[in-house]
Each structure stands twice: as C-alpha cells, then as structure tokens.
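Notes to accompany the following structure.
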Amino acid sequence: MERTLWVLGLLVLFALCLWLMYRGWRNRAARQAERIGVLPVVPAELGAQVLEPTTGLYLGSTIAPSWQDRITVGDLGFRATAELTRFERGILLERDGATVIWIPQESITAVRTERGHAGKVMTEDGVLVIRWKLPTGTEIDTGFRGDDKSVYPAWRRLSTADQSGTMTGDDEG
C-alpha cells in the first residue's frame, strides 16, 4: 500500500510540473504578444531566387540579442524541419507543420553563424542566424541549422553585399 501511495504521489507531482510548464509557456506568449505583433505576409511576387533552397531544422526565434530568450507567440517557438530560400525581396522559411515565415529584405540587419541558438548548442558556426526587425520595431534572431553547412558562407556574403548596397548594381555608373 505504501508503494502505491508513493507512485500516485509522484504521478501527481509529475502532472503538476507539466501543468506549470504549460502555464509558463502561455504566460510568456501573452507577455511577448505586443512586442511581436503580426508577422509579415508572403508577397505575391518574391523576385528572382538568389540562393538555392537549403534544408535543415528551424530552431526557433529569440528576442535579440539573447540567444536563449525564445519567442513563444504563435508557433514561432516550435522546432520544425524547414527549407530556407533567399529571394531578391527577402528570405522564405517554409516549415513542416507550421506557418511560413517571410523575412522582408529591408528588415534583415545581419546574417551570421553562431555556436548556439534557442537552447540548441552546436559546434562552432553550426547555426545560421538571421537578425531582422519586425513591423513593431522589435529585433529578433531566427535560427536555422542546415543539413549542409557548406552553404553558410554564401548566406553571410550575400548579407554583407546587401548591407553595402553592392548587390543591386544601382551604384554603378
């Protein structure tokens, strides 16, 4: 009888811990909702594809500059397999079982590699991180672990070219 009470007590404690974690996740989402607002919608015209699609794992988005302050609004906090594609007008992140994330070109402030993101720690330069501004003005980091990490330098170079204005060719003349 004593063993049965211990098992029941531990089950109740486990259920209580799960419920508290769920409440914490929901409360965090409620606190972040105003800062995050509505994400940009995918435009009808994306422009020419600049980089080939890269498959991998979407690690989540965090409020910059903290690599562990995970955003829990909507489905931004859930990891998912994904495909990342660069177009002239921005970056398209298509996630399996979750909404598509569109990052407009004018919102991108940096593309870099990091060792970790959103609680996921990798080897050096194992995570591609895109820093961008939401329409609310909040800066966030979106993390992506590519299946092929050899494409990371092209993503970083393209970001540098975008920021210097050399990609468009408008400065020539």
Side-chain angles (χ1 to χ4, degrees), residues 25 28-29 32-33 35-169:
W25 185 269
R28 176 181 233 169
Q32 293 175 345
R35 289 181 70 187
I36 302 306
V38 178
L39 295 178
V41 296
V42 181
E45 180 57 40
L46 302 176
Q49 183 175 307
V50 178
L51 288 176
E52 290 294 316
T54 303
T55 59
L57 180 68
Y58 166 76
L59 300 176
S61 293
T62 61
I63 296 177
S66 175
W67 69 280
Q68 288 190 338
D69 190 7
R70 183 186 295 266
I71 296 172
T72 58
V73 175
D75 61 0
L76 288 176
F78 302 125
R79 290 188 178 142
T81 56
E83 185 175 83
L84 190 65
T85 310
R86 183 68 184 254
F87 293 93
E88 285 178 338
R89 295 190 58 202
I91 297 173
L92 185 66
L93 181 58
E94 297 175 281
R95 302 178 294 158
D96 292 337
T99 58
V100 173
I101 297 175
W102 173 249
I103 305 173
Q105 178 60 39
E106 60 275 6
S107 298
I108 301 170
T109 57
V111 178
R112 66 189 191 285
T113 54
E114 294 287 339
R115 182 182 175 114
H117 184 76
K120 180 78 169 177
V121 179
M122 303 288 297
T123 59
E124 186 173 339
D125 297 333
V127 178
L128 186 68
V129 178
I130 303 161
R131 180 165 289 177
W132 57 295
K133 281 190 178 181
L134 296 171
T136 61
T138 302
E139 233 180 10
I140 68 171
D141 287 333
T142 296
F144 182 81
R145 186 191 74 198
D147 294 333
D148 179 12
K149 293 174 188 43
S150 67
V151 300
Y152 288 178
W155 281 88
R156 287 194 317 261
R157 274 193 308 274
L158 193 55
S159 171
T160 305
D162 292 344
Q163 291 169 3
S164 67
T166 59
M167 183 183 142
T168 61

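It should be emphasised that the depicted structure is a prediction, and the values quoted were computed from it without experimental measurement.
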Side-chain donor/acceptor pairs under 3.5 Å, residues 39-55, sequence neighbours excluded:
| from | atom 1 | to | atom 2 | distance (Å) |
| --- | --- | --- | --- | --- |
| Glu45 | OE2 | Gly47 | N | 3.2 |
| Gln49 | NE2 | Leu51 | O | 3.4 |
| Thr55 | OG1 | Asp147 | OD2 | 2.8 |

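- Heavy-atom contacts from other residues, nucleotides or ligands closer than 6.0 Å to NZ of Lys133 number 12 or fewer.
- Atom-to-atom distance recorded for Leu57:CG and Thr81:OG1 is 7.5 Å, nearest 0.5 angstrom.
- Residues passing the salt bridge (charged side-chain N to carboxylate O under 4.0 Å, His left out) test with Asp75, sequence neighbours excluded: Arg95.
- For Thr136 (side chain) and Arg35 (main-chain N/O), a donor-acceptor pair under 3.5 Å exists by modelled atom type.
- Of the inter-residue distances, the one linking Leu93 atom CG with Phe144 atom CZ reads 6.5 Å to the nearest 0.5 angstrom.
- Tested against Leu84 for a side chain to side chain contact (heavy atoms under 4.5 Å, CB included), the candidates Val151, Leu128, Leu92 yield a single pass: Leu128.
- Without hydrogens or angle criteria, Tyr58 side chain to Leu76 main chain gives a donor-acceptor distance under 3.5 Å.
- Taken from OG1 in Thr142 to CZ in Arg131, the straight-line distance is 10.5 Å, to the nearest 0.5 Å.
- For the 3.5 Å distance criterion, the side chains of Arg86 and Gln105 qualify, holding a donor opposite an acceptor.
- From Ser107, atom OG reaches atom CD1 of Ile130 across 12.0 Å, with rounding to the nearest 0.5 Å.
- Contact check for Arg145 versus His117: no side-chain heavy atoms found under the 4.5 Å cut-off.
- The line from CG of Asp125 to CZ of Arg156 is 6.0 Å long, rounded to the nearest 0.5 Å.
- The distance from atom CD1 of Ile103 to atom CD1 of Ile91, rounded to the nearest 0.5 Å, is 5.0 Å.
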